[in-house]
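This structure is a prediction, so every number in the text was calculated from the model and none was measured.
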Amino acid sequence: MITKSSRISLSDKDFITAIARASVQGLVTVPHIAAELKTATRTVGLRLGRLEAKGWVRRVKRGVYFILPLEASKRVGGVAGDPWVVASALFAPCYIGGWSAAEHWELTEQLFRSTFVVTAANARASKQTILGNEYRIARVSKDRISGFTTVWRGNIKVAVADRERTLIDALANPAWVGGFRHLADMLETYLASNECNVAKLVKDARALGRGAVCKRLGFLLERYDPSATRLLAVLRRSISPAPIKLDPLVLAKGKLNSIWGVLVNVTLE
């Protein structure tokens, strides 16, 4: 711990060394460093601003900085090692979801360049590039930050949607996994896996309280697992008559499936 008497006289190199110990994947926040060094946030902010001008750190957003590698110059951008860890630090409360979670659980073979983050934080833009990493941000209410598990990324735990939550989120918002066709492929892969738990999937779908989720799930479940008659009956009791599109991203209206109240506006073959 840096003492009160020594904190002001730290050289740039010693200051960087001190704050690096408190960093997460090279990321530091002004309030946290101010607390570590027992000094004013304004003092820390000014110091980090000067170090940014010298090429020692890069400002990620207000109050958040990334410590550049020692060999980096002003012309060379630092790239944080793990975009999941960076996301968990910048967008908390959040979890990794959408296509990124689908890739993690091997529900899809499609590769996406950006990392999908579900957050309750005030993220202004849905597409962001931070430290060389591309992010797709989906904002939700704080009570939606649930249904996730934690995984180790190096020595840091990161929240990621579990298999069922990944599918439920996609049933609510097919765009989160690239559209309904990809969602259908993911569900088919899930049903064929050893980790499949259809009862939990149906329970989680109903718990979300969105009829569109139950309609899309029922339509797909009847197609890929018609023997699940009891669970299909449970889903039917959870839907309303008002029709919804299978894929809200597709302009075509589609033909009505009256059993599930869905407008089949995409082909799945």
Side-chain angles (χ1 to χ4, degrees), residues 12-13 15-33 36 44-140 145 148 150-161 166 169 175-178 182:
D12 286 346
K13 187 173 182 179
F15 181 81
I16 290 292
T17 300
I19 66 174
R21 298 192 190 103
S23 71
V24 176
Q25 288 278 305
L27 288 169
V28 295
T29 66
V30 169
H32 182 58
I33 297 306
E36 284 287 306
V44 172
L46 290 172
R47 185 74 181 267
L48 287 169
R50 290 196 296 270
L51 290 174
E52 181 183 24
K54 294 179 178 181
W56 289 63
V57 300
R58 175 184 289 181
R59 184 178 181 272
V60 177
K61 65 178 184 178
R62 184 176 181 179
V64 181
Y65 290 81
F66 176 65
I67 304 170
L68 294 172
L70 291 176
E71 65 273 13
S73 70
K74 295 179 183 178
R75 297 183 301 276
V76 179
V79 178
D82 190 327
W84 284 30
V85 175
V86 173
S88 67
L90 292 182
F91 301 112
C94 67
Y95 62 83
I96 304 299
W99 53 64
S100 297
E103 290 174 11
H104 174 75
W105 299 120
E106 298 183 344
L107 294 174
T108 180
E109 294 181 353
Q110 185 170 356
L111 299 178
F112 293 84
R113 185 171 181 176
S114 56
T115 299
F116 200 101
V117 185
V118 182
T119 178
N122 185 23
R124 295 182 180 180
S126 62
K127 297 180 181 179
Q128 300 185 33
T129 299
I130 301 172
L131 301 174
N133 300 319
E134 294 182 11
Y135 294 94
R136 182 68 62 88
I137 313 300
R139 287 192 63 192
V140 298
I145 306 298
F148 58 80
T150 55
V151 296
W152 287 100
R153 306 284 288 199
N155 61 346
I156 298 172
K157 282 186 175 182
V158 176
V160 58
T166 300
D169 281 347
W176 288 18
V177 293
H182 293 146

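Closest of all the heavy-atom pairs between W176 and A138 is CZ2-CB, 3.5 Å. For the pair G97 and A161, the tightest heavy-atom approach, listed with the atom from each and the gap, is CA-CB, 4.3 Å. Of all the heavy atoms in L68 and G55, the pair that sits closest is CD1-O, 3.2 Å. Counting all heavy atoms, side chain and backbone alike, A121 lies closest to A92 at CB-O, 3.6 Å. The heavy-atom pair separating V158 from W84 by the smallest distance is CG1-O, 4.0 Å. Among all heavy-atom pairs drawn from S88 and C94, the shortest one is CA-SG, 3.8 Å.
Not counting sequence neighbours, the partners of N122 by the side chain to side chain donor-acceptor pair (under 3.5 Å) test are R139. In this structure H32 satisfies the side-chain contact (heavy atoms from CB on, under 4.5 Å) test together with A22, T29, E36, sequence neighbours excluded.
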message: side-chain contact (heavy atoms from CB on, under 4.5 Å) for V60 and L90? Distances and angles first, verdict last.
response: CA-CA 9 Å; V60 177; L90 292 182; 3.7 Å; yes
- prompt: Between I96 and H104, does a side-chain contact (heavy atoms from CB on, under 4.5 Å) hold up when you go through it step by step?
  reply: CA-CA 10 Å; I96 304 299; H104 174 75; over 6 Å; no
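Among pairs with a residue in residues 86-112, none fulfils salt bridge (charged side-chain N to carboxylate O under 4.0 Å, His left out), at least two apart in sequence or across chains.
Using a 4.5 Å cut-off on side-chain heavy atoms (C-beta onward), V86 and Y135 make contact. Side-chain contact between Y65 and R58: absent, with no pair of heavy atoms (C-beta onward) separated by less than 4.5 Å. Taking the side chain as every heavy atom from C-beta outward, Q128 and N133 never approach each other to under 4.5 Å. Side-chain contact check for V85 versus L27: every heavy-atom pair is 4.5 Å or farther apart. The shortest distance between side-chain heavy atoms of W56 and R50 does not fall below 4.5 Å.
The side-chain hydrogen bond (donor to acceptor under 3.5 Å, both in side chains) test with Y95 singles out one residue from D169, T150, T166, and that residue is D169. Under the side chain to side chain contact (heavy atoms under 4.5 Å, CB included) rule, L48 has a single partner from V64, I67, I19, which is I19.
In this structure, the separation between CD1 on I137 and CZ on F91 is 3.5 Å, given to the nearest 0.5 Å. A distance of 14.0 Å separates NZ of K13 from CG of L51, quoted to the nearest 0.5 Å.
A perpendicular orientation is assigned to the rings of W99 and F116, their planes being inclined by more than 60° (bins at 30° and 60°).
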